[in-house]
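Below, read A as the first sequence line, B as the second, and so on, with proteins coming before strands; counting in each chain starts at 1. No hydrogens, no waters, no symmetry mates; every other heavy atom, side chains included, goes into these values. Predicted, not measured: the structure shown is a model, and the values here were computed from it.
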There are 2 protein chains.
Amino acid sequence: MSDSGTTDILIDISTAILRAQDGVLQFRALQDANDGDKRLPFGPFMPDRHRTMEIGLRQWVREQVGVDLAHVEQLYTFADQGRHHGAAKDERHIVSVGYLALAQDNMAAEDAAGAAWDDLYRYFPWEDWRDGRPEILDAMILPELDKRLSGEPLAAARVRLAFGGHDDTPWDEEFVLERYELLYEAGLVEEAARDGRSKDTARGLGDSMQLDHRRILATALGRLRGKLKYRPVIFDLMPDRFTLRALQKTTELVIGTSLHKQNFRRLVEKSGFVEATGETSRARGRPAELFRFRHGNRAERPLAGLRVSAGRKSRAPK
Amino acid sequence: MSDSGTTDILIDISTAILRAQDGVLQFRALQDANDGDKRLPFGPFMPDRHRTMEIGLRQWVREQVGVDLAHVEQLYTFADQGRHHGAAKDERHIVSVGYLALAQDNMAAEDAAGAAWDDLYRYFPWEDWRDGRPEILDAMILPELDKRLSGEPLAAARVRLAFGGHDDTPWDEEFVLERYELLYEAGLVEEAARDGRSKDTARGLGDSMQLDHRRILATALGRLRGKLKYRPVIFDLMPDRFTLRALQKTTELVIGTSLHKQNFRRLVEKSGFVEATGETSRARGRPAELFRFRHGNRAERPLAGLRVSAGRKSRAPK
DNA sequence: TTATTTATACTCAAAATGAGTATAATTGTT
DNA sequence: AACAATTATACTCATTTTGAGTATAAATAA
């Protein structure tokens, strides 16, 4: 079977490191030169030195940004040509493996040169619905997609699937990658022009990144949004003790929509994931009880995550 | 960044092709020599010839087994050393990308040499709970895991997470890979002995496969089980028209448990995924109405899949 | 004609959900 | 000290969803 390809392959491992801080969803971004596009921490997978890819990932993360990783999970392996513009000129073909990692709120390590925490939604402004449907969708994105993809046969269906239609196909917050890919194909993000897919000179939507790193970030956000619903990963974004309000704010940050406070509390309390510490946090208003994640007697629990919902749908007519 | 590894890398693309046929969950298996372990269709990713990995995958599937693929989805990229025993002696390190593909029930193409449809659960006998909890779990698997992993610090928690504890941590049908990996680590599957991880000579659990192909199969089954719950992929395993009973049987086949007939019908009818054709199928008993999948007006729909459930939990005390 | 088998319809109680209203406990302001 | 503002928390209530049946219908096989 190993008839072997004629070309050699280089595998890049890139990691989207996310955290929630002061009401902002952030990721660890690196800036090489001054002023160029930012990038994720990444480096080649070297099987001699890295027994597994996760070991490789941790090496690059350690060397490039000083962050302690909580949850780490592989996202996707991208191998399509032409999406790695700007890579060092190496005669090898590049395959890109993306990872998602979560960092606790209060981690130190702000120092590493050129590394900073960037606001994720600056790169995906159409994904933040916390203050309602972003205007840019109807003002620009949907009309432009419609115009630019009118040639494609199935484009209309793909757009409706990804961005939501009217009542029948609602916005699905998990389709982050599908939306980004459509914008890329339509030439609405700068990466498309850079890769030679679009001759557009207008500034694209959101901030752009090196290589295919914004695509990896999109995959990370979509995966995290999905995972929240069935595994308690949200707690990896929380400090040791937290109020239920803070937990809600972090959840809203990730899924990009607002939730009903009383019902969120009921949901969380009933889930058994948290236990009260007895302490309270004071700020303005009535003090809130501090909770902690309950990896109580059972080390890890496979319980359902926090299922959040979009609101009752009015009964479909017949 | 591309400081380059010193070793070259070979990427193998392997595909688990599943279908449901006559009440059996099957996958497309190949036998090279007579009598050796079976394998999945696979081959190297060759960037010169394959613009994307999915193109490569389709080439190897076409050449090795004659099957038309419906849904295709990437599963995971495995790069840990030592799990590829039996690979052709190539000085390159092997990275293995696994894919899941679904084939319609009634596809032809039985011919390709050495290719057959194998019963998936023969390779994972502990995963089929349709007739209740498999006896092998308590008779052999759990005691052996307990014994063999007693050295590992966190083993007990991992076992309980993967195989379910008593009341608090129920069996989660999606953790197929986690269970297989535990059995591998404990030396309870033949692949472990073959890879030099275990000196066991006793026959392992379930049929073994070449390379890491059973691991890919485990990943495929787990992913499919999870996906059923939120996307309508089950219909990719169904013929054009089907009775609700057949749909239920196929669902049960995949998730490995039995469902309540009347409630399943209610769920499916309400979901809007199917529409009646007016025709009926006759067999023994009252004829059943034939339905078809409704990619009606809207080409694809992002609606929730068929959520199936394990039975009401009695209220937790307190 | 009757038993058997399968499909389909309907019931009913429990639990979960969406959307509030009501009340409590603080801090900041007058 | 009184009160407004703010936040947390408790509770209500109508609907919907869910689990688990019972009842009835329409076929085949004996």
Contacts of A/Arg286 meeting salt bridge (charged side-chain N to carboxylate O under 4.0 Å, His left out) (sequence neighbours excluded), chain-then-number -> none

Side-chain atoms of A/Lys261 come closest, of D/dA20, C/dT6, D/dT7, to D/dT7

Regarding the side chain of A/Arg284, the nearest nucleotide among C/dA19, D/dT6, D/dA8 is D/dT6

On DNA chain C, more 5' by nearest nucleotide between B/Ala288 and B/Asn263 is B/Ala288

With no angle test and no hydrogens, is the base of C/dT17 tied to the side chain of A/Gln262 by a donor-acceptor pair under 3.5 Å? no

A/Phe264 CZ to D/dA8 P, in whole Å, measures 12 Å

Side-chain atoms of A/His260 come closest, of C/dA7, C/dT26, C/dG20, to C/dG20

Can you check salt bridge (charged side-chain N to carboxylate O under 4.0 Å, His left out) on A/Arg231 and A/Glu73, steps first, answer last?
CA-CA 13 Å; A/Arg231 303 281 172 227; A/Glu73 121 179 31; over 6 Å; no

Comparing B/Leu290 with B/Arg266, nearest DNA chain C nucleotide closer to 5' gives the residue B/Leu290

(message) Any base atoms under 4.0 Å from B/Arg282, or only sugar-phosphate, or nothing? Heavy atoms, all strands.
(response) nothing

Rounded to whole Å, CG of B/Leu259 lies from P of D/dT18 at a distance of 13 Å

Winner on side-chain proximity to A/Lys270, out of C/dT17, D/dA10, C/dT5, is C/dT17

| Does any donor-acceptor pair link the side chain of A/Arg286 with the base of C/dA24 at a separation under 3.5 Å? | yes

* Using modelled atom types only, decide if a donor and an acceptor are shared between the side chain of B/Tyr121 and the backbone of B/Leu253 within a distance under 3.5 Å. => yes

- Message: Between B/Arg130 and B/Glu252 (salt bridge meaning N to carboxylate O under 4.0 Å), is one present in this structure?
- Response: no

